[in-house]
Each structure stands twice: as structure tokens, then as C-alpha cells.
Amino acid sequence: MEENKLKSKVASSFLKLKNYCEAENFKGWDPYDGLNSKIFQALPLKHWDIARLAWIQGFKRSPINFRKLLLVPKEHNAKGVALFLLGYCRLYKLAIKGNEEFGTPDELLVKINEVTDLLLSLKSKGYSGAAWGYNFDWQARRLFLFKKYTPTVVATCFSVEALLESYEITKNESVLKETLTAADFVINDLSRTPHGKGIIFSYSVQDGNNTVINASLLGAKILSYSYKYTKNQEHADLAKKAVIAACDLQNEDGSWIYGLLPVQSWIDSFHTGFNLDAIETYQQHTGDKSFQDYSDKGLAYYVKNFFEADGMPKYYHNKTYPIDIHCPAQVIVTISKMNRFQVHEALLTKVLNWTVDHMQHHKGYFYYQYRKGVSSKIPYMRWSNAFMFNAMAHYLLETNSK
């Protein structure tokens with residue numbers, strides 16, 4: 001009885017989220033989109049890096065949403081669209097198993113094709129292969145300025161995974177052909193930093209953020225997907241070098257710092273999840289299981305250090321707040337990818353139950369962050385809702401498959 005009640009609660013929560021996101025046509029605001037303000041773009045301050053940084057951080061940290069007042073438009077974000085596509089692919093698989101609560105196979109196939117076309121239309125042009133970036137300028141401390149649509153390995157990897165899952169359902173060969181060119185983007189357009197016997201792929205084509213561990217692993221993930229379909233050994237070999245470097249950088253306890261710059265030494269939940277997902281993807285698509293011990297150690301650290309007994313998800317390994325919506329979302333996706341869902345189902349269920357109770361608005365959207373004091377309840381489309389849409393679709397498929 002209790003299990004059925006919980007399933008009904010999750011299904012109801014997801015339907016509210018799905019209805020909200022579809023009504024918004026997947027457009028929305030983002031924590032980092034402050035520089036899209038038409039007011040700011042009309043000011044001479046836009047040429048000053050400190051002003052850009054302060055403006056972004058002001059928007060990001062404020063629990064009050066000033067975007068409508070300061071003319072920040074709601075827009076599509078490629079990574080967010082990719083996450084929605086991944087979620088719809090899960091719902092399609094759920095529907096063909098007989099659960100049509102979230103749409104029939106035919107209805108979901110129409111949606112998959114629509115979102116696939118939307119994601120392809122958001123590609124950044126002028127690079128060696130298919131690549132995607134964000135729909136806003138982004139000032140990273142005083143280190144560098146990313147102009148909008150500058151492709152990143154992060155946005156590109158999420159897009160590649162989503163489009164290939166779409167291809168597996170639709171068998172649209174043009175989608176497959178276009179998506180696989182992303183390997184050329186990784187090989188030709190990203191820089192590489194040697195590390196031990198391996199390499200670290202840069203975060204973007206723009207210099208300045210070249211040693212982020214999860215970003216490098218997402219480059220390896222793209223190449224391992226390419227190897228799955230093309231059997232290009234060069235792609236597998238290069239992916240392995242990035243995995244070697246990342247595993248060399250794993251701490252003895254199984255954790256990873258974010259990156260190698262002095263200001264990137266924190267350890268957090270969802271980037272740990274990205275790392276584990278990418279290593280698992282590499283192993284699944286290449287058949288190379290030589291990194292399993294690193295993966296097992298990382299997963300043990302992940303589930304032990306980032307979740308309280310009641311399911312409350314922690315952001316950092318050594319402190320709880322602010323609780324970021326990425327954290328409960330990514331753990332479901334990562335553990336599903338690693339085929340460990342049933343082993344950790346009790347934890348994932350507690351995490352999801354806590355998140356629905358504490359971080360979902362009655363209109364269906366999820367909050368950005370939960371804090372001890374005033375929480376940020378702004379409905380960010382990519383950061384909050386797309387991540388939870390994908391995670392909940394994973395959860396629904398996993399729990400329907402038992």
C-alpha cells in the first residue's frame with residue numbers, strides 16, 4: 001500500500017512538472033543568464049569584466065527574480081532541451097511497456113521528433129563538428145568571458161547523448177550522421193592538457209578553463225559514443241587517455257575535486273555524478289572494464305557522503321547548504337546508467353520523496369536551491385526543471401520495470 005501511494009505521488013508530481021514545462025514550450029530563465037538583460041546590454045558597464053561578473057552573481061544569488069523587470073527574455077537552452085529529449089525517450093520506453101500515463105507511444109514519438117529538431121536547430125555554427133553552447137554570455141570570475149553560443153563540451157555531450165537516444169527510437173539516419181560529427185569537435189576544436197599518461201580536454205574552444213575533470217570526461221563520453229557507432233579506434237584510444245587522467249586525479253577516498261585551478265578545489269555531488277556517468281559510458285561502449293575499481297570507489301563515496309538519512313541531498317561533501325536541485329536529479333540518472341538502481345533504490349526513493357516535498361512548487365516547477373534561510377524558488381528551466389524532468393523519467397522507467 002505504501003509503495004503504491006509513493007508511486008502515485010511521484011507520478012502526480014511528474015505530471016505537474018511535465019505540464020508546466022510543455023506550457024512554457026521548454027523556454028525559461030537560467031541562473032547565469034543575467035547578461036541577456038536588455039537593460040544591461042544598453043549600459044557601458046557591459047564592457048567591464050567586474051561589472052559583468054557582479055551583474056551575473058547578483059541575478060544568480062538573489063532569491064527575488066528581477067529578470068522580467070530588467071528585460072531578460074525566456075529562451076531555449078541547448079543543454080536543457082537535451083535533458084527534456086532524454087526524458088521523453090525514457091517516457092517512450094515506458095509507454096511501449098504498457099504504461100501510457102504520460103503519453104501513448106505515438107504521442108511521445110511526435111514529441112521526440114519535435115524536440116530533436118529543436119535541439120538540432122540550436123547548434124553552434126562554424127566548428128569542426130556538431131557542437132552546442134549556452135544562450136547567454138557568461139563571465140567566469142575574472143578569468144574569461146564566454147560569448148553566447150560559444151560551444152562547450154558539457155552542452156555538446158548532453159546534446160549528443162540525447163540525439164543518439166532519439167536516433168535509437170526513430171532510426172533517423174540524418175540525426176545519427178550529424179550527431180556523430182561531434183567527435184570531430186572534440187578532437188579538433190578542444191585543447192588538451194597532458195596529465196601523467198593521459199590528457200585533460202578543455203571545457204570549451206575558448207582558452208581559460210582547461211583542466212576541469214568532469215568536462216574532460218564528457219569529452220571522453222562523446223568519443224566513446226562515436227566508437228560505439230563507427231568503431232573508430234582513434235576515438236576509443238583518445239577517450240581512454242582522458243579517463244586515465246581523470247582516474248589518476250581521483251582521491252584515495254574515491255572523491256574528485258572539480259578542477260586543477262586553485263579556485264576549483266571543491267568536491268561536490270553532481271559533478272561526481274557526471275564523472276561516474278562518463279566513465280560508465282566509456283566502459284559500456286568500448287568494452288574496456290579496466291577502470292571499474294575507480295568507478296566502484298567513486299560510487300561508494302558518492303552515496304555515502306552526499307545524502308542525509310532522510311534523503312536530503314547535500315551539495316558539498318563537507319557541508320549541506322545550499323541544497324542544489326542538480327544534486328537529487330543527477331544521482332538518479334547516474335545510478336541508473338551504472339545499472340545499480342535496484343541496489344540503491346531505497347536511497348533514491350528517499351531522495352526523490354524529500355525533493356518533491358521540499359523543492360517543488362504547487363504549479364509543478366522545481367526550485368533552484370533550498371537554503372536554511374530564504375531559498376531561491378525561481379523556476380529555472382535548464383538548471384531545475386529539465387534536470388528533474390530527465391531524472392524523474394529515469395525513476396519512473398526503472399520502477400516500472402521491476
Side-chain angles (χ1 to χ4, degrees), residues 1-22 26 82-116 158 161-171 273 276-277 280-281 284 299 302-303 307 311 313 325-360 364-366 384-402:
M1 177 67 74
E2 192 64 33
E3 183 178 349
N4 289 337
K5 186 177 178 182
L6 181 59
K7 282 187 174 181
S8 177
K9 176 181 178 179
V10 172
S12 175
S13 167
F14 180 74
L15 277 172
K16 288 193 293 184
L17 173 63
K18 181 174 179 286
N19 290 338
Y20 173 84
C21 296
E22 290 178 347
F26 314 114
L83 287 161
F84 284 119
L85 181 53
L86 284 165
Y88 279 113
C89 289
R90 289 295 179 282
L91 296 182
Y92 178 84
K93 293 176 182 178
L94 190 61
I96 61 177
K97 286 177 177 287
N99 185 341
E100 299 185 356
E101 189 174 359
F102 312 104
T104 66
D106 286 345
E107 289 169 341
L108 290 164
L109 187 60
V110 169
K111 186 62 73 174
I112 287 169
N113 281 315
E114 288 177 354
V115 181
T116 295
F158 277 85
E161 182 169 16
L163 290 168
L164 292 177
E165 293 227 10
S166 170
Y167 164 74
E168 289 296 333
I169 291 169
T170 66
K171 299 303 179 184
L276 292 168
D277 180 299
E280 179 64 23
T281 302
Q284 287 179 8
L299 179 59
Y302 191 27
V303 299
F307 307 95
I325 194 66
H326 265 38
C327 301
Q330 187 57 41
V331 69
I332 295 171
V333 175
T334 294
I335 290 181
S336 178
K337 171 66 72 71
M338 298 179 77
N339 297 314
R340 305 286 182 89
F341 187 92
Q342 290 188 355
V343 175
H344 297 289
E345 183 173 352
L347 170 65
L348 299 179
T349 298
K350 284 194 293 185
V351 169
L352 182 55
N353 192 46
W354 187 95
T355 305
V356 169
D357 285 345
H358 294 86
M359 298 188 75
Q360 187 173 28
Y365 62 80
F366 280 85
S384 309
N385 298 311
F387 261 89
M388 283 304 296
F389 186 95
N390 183 39
M392 295 183 81
H394 273 75
Y395 183 92
L396 290 163
L397 180 60
E398 289 277 11
T399 54
N400 191 77
S401 300
K402 292 193 297 181

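Values below: every heavy atom of this structure, side chains too, minus hydrogens, waters and symmetry copies. Given the structure is predicted, the values throughout are model-derived calculations rather than measurements.
In this structure, the side chains of V331 and C327 stay at 4.5 Å or more apart for every pair of heavy atoms. Within the 4.5 Å cutoff, the side chain of F102 has heavy atoms near those of the L15 side chain. Looking only at side-chain heavy atoms (C-beta outward), T104 and L109 stay at 4.5 Å or farther from each other. Looking at V303 and I335, their side chains come closer than 4.5 Å, going by heavy atoms from C-beta outward. Y167 places none of its side-chain heavy atoms less than 4.5 Å from the side chain of L163. Looking at L397 and K97, their side chains come closer than 4.5 Å, going by heavy atoms from C-beta outward. Looking at P328 and W354, their side chains never come closer than 4.5 Å, going by heavy atoms from C-beta outward.
Atom SG in C21 sits 3.5 Å away from atom CZ in F84 (nearest 0.5 Å). Within the model, atoms CE of M359 and OG of S384 stand 7.0 Å from one another, a figure rounded to the nearest 0.5 Å. We find the CD1-NZ distance between I169 and K171 to be 9.5 Å, quoted to the nearest 0.5 Å. Distance check, rounded to the nearest 0.5 Å: CE of M338 to CG of L299 gives 4.5 Å. Here CD of E168 is found 8.0 Å from NZ of K93. Values are rounded to the nearest 0.5 Å. A distance of 10.5 Å separates CG of L85 from CZ of R90, quoted to the nearest 0.5 Å.
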Stepwise side-chain contact (heavy atoms from CB on, under 4.5 Å) test for L91 and F14 | CA-CA 11 Å; L91 296 182; F14 180 74; 3.8 Å; yes

Carefully, step by step, assess T170 and N113 under the rule side-chain contact (heavy atoms from CB on, under 4.5 Å).
-> CA-CA 8 Å; T170 66; N113 281 315; 3.5 Å; yes

Given Q284 and N339, is the side-chain contact (heavy atoms from CB on, under 4.5 Å) satisfied, shown in steps?
-> CA-CA 11 Å; Q284 287 179 8; N339 297 314; 3.8 Å; yes

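Cation-pi geometry between K16 and Y20 is not met at under 6.0 angstrom from the ring centre and within 45 degrees of the axis.
A distance-only check finds no donor-acceptor pair linking the side chain of N400 to the backbone of L396 [under 3.5 Å]. Although no hydrogens or angles enter the test, the distance criterion places no donor-acceptor pair under 3.5 Å between the side chain of E100 and the main chain of L94. The backbone N or O of I112 lies less than 3.5 Å from a partner atom in the side chain of T116, making a donor-acceptor pair. For S336 (side chain) and I332 (main-chain N/O), no donor-acceptor pair under 3.5 Å exists by modelled atom type. At least one donor-acceptor pair under 3.5 Å links the side chain of N385 to the backbone N or O of F366. At distances below 3.5 Å, not a single donor-acceptor pair connects side-chain atoms of E165 with backbone N or O atoms of A162. At least one donor-acceptor pair under 3.5 Å links the side chain of T334 to the backbone N or O of Q330.
Each of V356, D357, V351 was scored for a side chain to side chain contact (heavy atoms under 4.5 Å, CB included) with N353, with one residue passing: D357. Evaluated for a salt bridge (charged side-chain N to carboxylate O under 4.0 Å, His left out) with K337, the options E161, E280, E398 yield exactly one hit, E161.
Q360 and T355 share no donor-acceptor pair across their side chains, judged by distance under 3.5 Å alone.
Residues R340 and E345 are not paired through a salt bridge, judged by the lack of any N-O separation under 4.0 Å between the basic side chain and the carboxylate.
A search for side-chain contact (heavy atoms from CB on, under 4.5 Å) contacts involving K111 returns E22, F26, Y88, E114, V115, not counting sequence neighbours. Shown here are the side-chain contact (heavy atoms from CB on, under 4.5 Å) partners of V343, two or more places apart in sequence or in another chain: there are none.
When all heavy atoms of L108 and G103 are compared, the closest pair comes out as CD1-O, 3.5 Å. Annotation for G87 and N390: closest pair N-OD1, 3.5 Å, computed over non-hydrogen atoms. Closest approach of K7 to T399, counting heavy atoms only: NZ-O, 3.5 Å.
Using the six-membered ring where Trp is involved, Y395 and F341 have ring planes that are perpendicular, over 60° apart on the 30 and 60° scheme.
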